[in-house]
Amino acid sequence: SLAIDSLNSDTWKAVGNTYKTMGRDTLAVNAYSQAWLIDSLDVSTNNILGNLYFEWGNYQVAKYLYGRALTSDPTNAVLYYNYAMAAHYNKETMLAEEYYKKTLEKDAKYAYAYYQLATLYAAGKPEDAVKALSKAIQHGSFTKADIEADTQFAPLKEHKGFKALLQKLK
């Protein structure tokens with residue numbers, strides 16, 4: 001297939017998907033990079049590469065790739081969320097907050113964006129954290145056990161609103 005269609009980015013993405021399925025991430029990145037060289041604005045290639053770099057802990061490169069994908073698809077809530085997560089893990093909290101909010105502008109029911117906002121707010125803005133967490137619970141399937149196990153919510157353990165929210169959960 002490559003000998004016949006080596007200039008088709010979809011062919012290289014298929015090869016990358018195969019390597020990724022096999023757990024051969026380095027080879028997958030090489031194949032996706034070939035697809036990227038052919039079509040650097042392809043949303044799925046940038047997102048897939050971003051996800052791989054994110055998994056490897058290279059959040060700066062992941063953020064760059066998600067940003068490239070956003071230039072081609074600025075209405076995609078998942079891309080905004082991925083960008084926000086990369087910024088969050090890269091300790092760029094203001095940028096992460098901005099992009100979680102942009103995620104919610106694109107999809108007001110994106111539960112994980114609310115959840116991550118709650119984690120950002122937990123230490124310094126407890127009221128905002130409880131509001132965001134309430135929205136996350138409303139739109140998602142978070143359990144009491146999930147939230148109690150998340151150490152990012154430790155600063156809220158004694159907060160009245162947080163306790164009340166947890167009491168409503170199973």
Side-chain angles (χ1 to χ4, degrees), residues 13 16-17 19-21 23-33 35-36 40-157 159 162 165:
K13 283 192 289 187
N17 290 339
Y19 282 133
K20 177 75 174 136
T21 301
R24 307 288 304 270
D25 289 351
T26 302
L27 292 173
V29 166
N30 290 339
Y32 292 129
S33 295
W36 189 83
S40 66
L41 296 178
D42 180 70
V43 172
S44 67
T45 301
N46 282 297
N47 191 47
I48 292 166
L49 277 169
N51 290 344
L52 284 167
Y53 279 97
F54 187 93
E55 288 173 19
W56 289 344
N58 193 333
Y59 307 120
Q60 194 64 33
V61 172
K63 194 175 68 169
Y64 167 78
L65 291 161
Y66 296 139
R68 293 276 308 184
L70 279 168
T71 61
S72 298
D73 189 0
T75 63
N76 189 322
V78 172
L79 295 174
Y80 281 98
Y81 179 77
N82 289 350
Y83 188 96
M85 286 292 290
H88 193 164
Y89 277 63
N90 207 39
K91 301 192 185 336
E92 299 171 83
T93 55
M94 291 177 67
L95 186 62
E97 178 183 14
E98 175 187 346
Y99 274 79
Y100 288 134
K101 287 179 176 178
K102 287 182 179 191
T103 301
L104 295 168
E105 288 172 11
K106 304 303 176 196
D107 181 355
K109 295 181 179 182
Y110 206 112
Y112 288 102
Y114 285 115
Y115 188 92
Q116 292 303 327
L117 274 174
T119 67
L120 281 179
Y121 295 150
K125 300 178 182 177
E127 297 302 323
D128 291 341
V130 171
K131 286 178 190 172
L133 186 56
S134 177
K135 287 280 196 178
I137 291 166
Q138 176 186 349
H139 297 297
S141 57
F142 303 101
T143 66
K144 183 177 182 177
D146 293 334
I147 295 165
E148 288 178 330
D150 192 332
T151 59
Q152 296 175 95
F153 293 122
L156 298 176
K157 294 292 183 194
H159 186 276
F162 182 75
L165 191 58

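What you see is a predicted model; the values in this text were computed from it and never measured.
Inter-residue side-chain proximity for Val78 and Tyr110 is flagged as met; some heavy-atom pair is nearer than 4.5 Å.
Looking at Ser44 and Asn46, their side chains never bring a donor and an acceptor atom within 3.5 Å of each other. Side-chain atoms of Tyr115 and Asp150 form a donor-acceptor pair, as typed in the model, at a separation below 3.5 Å. Side chain to side chain, Asn17 and Tyr32 meet the donor-acceptor criterion of an N or O pair below 3.5 Å.
With a 6.0 Å radius and a threshold of 12 heavy atoms from other residues, nucleotides or ligands, Lys109 has its NZ atom at or below the threshold.
Atom CG of residue Leu65 and atom CG of residue Leu52 lie 9.5 Å apart, to the nearest 0.5 angstrom. Here the CH2 atom belonging to Trp56 is positioned 4.5 Å from the OG1 atom belonging to Thr26, to the nearest 0.5 angstrom.
In summary, the aromatic rings of Phe142 and Tyr112 are positioned with their centroids under 6.0 Å apart. Taking the six-membered ring for Trp, Tyr121 and Tyr114 have ring centres at least 6.0 Å apart.
Judged by the 6.0 Å distance and 45° axis criteria, Lys102 is positioned over the aromatic ring of Tyr99.
Remark: side-chain polar atoms of Tyr66 are paired, donor with acceptor, to backbone N or O of Gly50 under 3.5 angstrom.
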task = Apply salt bridge (charged side-chain N to carboxylate O under 4.0 Å, His left out) to the pair Lys131 and Glu127, showing each step before the final yes or no.
result = CA-CA 6 Å; Lys131 286 178 190 172; Glu127 297 302 323; over 6 Å; no
